[in-house]
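For reference, positions follow the sequence shown, starting with 1. Order of listing sets the numbers, starting from 1, for every ligand and every atom in it.
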Amino acid sequence: MSIFAKIITREIPAKIVYEDDLCIAFHDINPAAPVHILLVPKKPIVSLDHAAPEDAPLLGYLLLKVAEIARKFGIAEKGYRVVTNIGPEGAQSVPHLHFHILGGRQMGGF
Ligand code: 5GP
């Protein structure tokens with residue numbers, strides 16, 4: 001069970017900012033920007049590489065939820081960054097699909 005699954009079941013506390021039947025969003029414990037929120041599907045998909053064709057509606061839903069959360073946290077007007085890390089070379093540390101929503105400062109290039 002991943003650490004995010006434990007946040008979903010409330011075994012581990014988190015600063016939750018949004019939750020519904022399909023997903024949960026909470027502040028990253030080690031923020032890389034003034035706003036750094038993680039959006040996590042409740043379905044335990046390991047990463048985008050593990051998503052199946054039947055997950056397409058869920059993935060679309062999550063991306064629209066990212067934009068909704070960004071607007072709610074006041075970072076949409078100036079702009080923000082959405083990141084999902086995949087596997088070892090992608091520097092994914094938690095094996096449960098999640099989208100980083102980063103904003104509140106100027107982002108650099110890759
Ligand atoms: P990844 O490296 O897998 O893309 O991102 C995992 C993120 O989860 C990291 O930014 C890390 O700071 C965050 N994180 C890891 N453990 C916890 C935790 O227990 N609580 C919260 N809120 N964030 C966590």
Side-chain angles (χ1 to χ4, degrees):
M1 192 189 226
S2 78
I3 203 152
F4 292 166
K6 289 181 178 171
I7 287 174
I8 291 165
T9 58
R10 304 296 198 277
E11 288 169 64
I12 289 177
K15 292 182 182 168
I16 295 166
V17 300
Y18 178 81
E19 182 173 23
D20 62 25
D21 288 348
L22 296 176
C23 64
I24 189 166
F26 47 87
H27 290 284
D28 195 292
I29 205 167
N30 185 23
V35 175
H36 188 171
I37 293 167
L38 301 173
L39 178 67
V40 180
K42 291 188 172 174
K43 183 175 179 182
I45 301 168
V46 171
S47 79
L48 203 53
D49 189 51
H50 297 76
E54 75 227 31
D55 295 318
L58 174 62
L59 294 174
Y61 180 82
L62 291 170
L63 287 178
L64 289 172
K65 198 54 73 179
V66 162
E68 187 182 308
I69 290 169
R71 286 193 294 272
K72 183 175 163 187
F73 278 81
I75 58 174
E77 200 172 319
K78 285 189 171 177
Y80 59 98
R81 180 168 285 175
V82 182
V83 173
T84 187
N85 295 325
I86 299 157
E89 265 195 40
Q92 182 179 7
S93 60
V94 178
H96 186 138
L97 177 64
H98 51 285
F99 294 94
H100 296 258
I101 306 167
L102 298 146
R105 67 165 169 82
Q106 180 61 53
M107 297 295 153
F110 287 105

**Request:** Any chance you could lay out the side-chain contact (heavy atoms from CB on, under 4.5 Å) test for Leu38 and His36, step after step, and finish with the verdict?
**Result:** CA-CA 7 Å; Leu38 301 173; His36 188 171; 4.0 Å; yes
**Message:** side-chain contact (heavy atoms from CB on, under 4.5 Å) for His100 and Asp28? Distances and angles first, verdict last.
**Reply:** CA-CA 8 Å; His100 296 258; Asp28 195 292; 4.1 Å; yes
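Listed here is the closest heavy atom pair of Leu97 and Ser47: CD1-C, 4.0 Å.
Under a 4.0 Å criterion applied to the non-hydrogen atoms of Phe4, ligand 1 contributes the atoms 8 (O). Atoms of ligand 1 found under 4.0 Å from any heavy atom of Gln92 (numbered from 1 in listed order, with element): 3 (O). Distances below 4.0 Å separate heavy atoms of His100 from the following atoms of ligand 1: 1 (P), 4 (O), 5 (O), 7 (C), 10 (O). Shown in contact with Asn85 at under 4.0 Å from a heavy atom are these atoms of ligand 1, numbered in order with element: 1 (P), 4 (O). Applying the 4.0 Å criterion to heavy atoms of Asn30 picks out, from ligand 1, the atoms 12 (O).
Note on Tyr18 and Leu22: same hydrophobic cluster, where clusters join Ile, Leu, Val, Met, Phe, Trp and Tyr whose side-chain heavy atoms are under 4.5 Å apart, directly or indirectly.
Distances between N or O atoms of Val94 and those of ligand 1 include at least one value under 3.5 Å. Any N or O atom pair closer than 3.5 Å counts here, and Ile3 shares no such pair with ligand 1. Residue Ile29 has at least one nitrogen or oxygen atom sitting less than 3.5 Å from a nitrogen or oxygen atom of ligand 1, judged on distance alone. At least one N or O atom of His27, backbone or side chain, sits closer than 3.5 Å to an N or O atom of ligand 1.
Evaluated by nearest non-hydrogen atom to atom 10 (O) of ligand 1, the leading choice among Val83, Ile7, Asp28 is Asp28.
Scanning the protein heavy atoms around atom 2 (O) of ligand 1, the nearest turns out to be Ser93 OG, 2.8 Å. Ranking protein heavy atoms by distance to atom 1 (P) of ligand 1, first place goes to His98 NE2, 3.2 Å.
Residue contact check for ligand 1: Lys15 places no non-hydrogen atom closer than 4.0 Å to it. In this structure, Lys6 falls outside the shell of residues with a heavy atom less than 4.0 angstrom from ligand 1.
Contacts between Leu38 and ligand 1 below 4.0 angstrom, taking non-hydrogen atoms only, involve the side chain exclusively. In Ala32, neither the side chain nor the backbone holds a heavy atom less than 4.0 Å from any atom of ligand 1.
Aromatic rings from His98 and Phe26 are positioned such that their centres are separated by 6.0 Å or more.
Side-chain contact check for Lys78 versus Gln106: every heavy-atom pair is 4.5 Å or farther apart.
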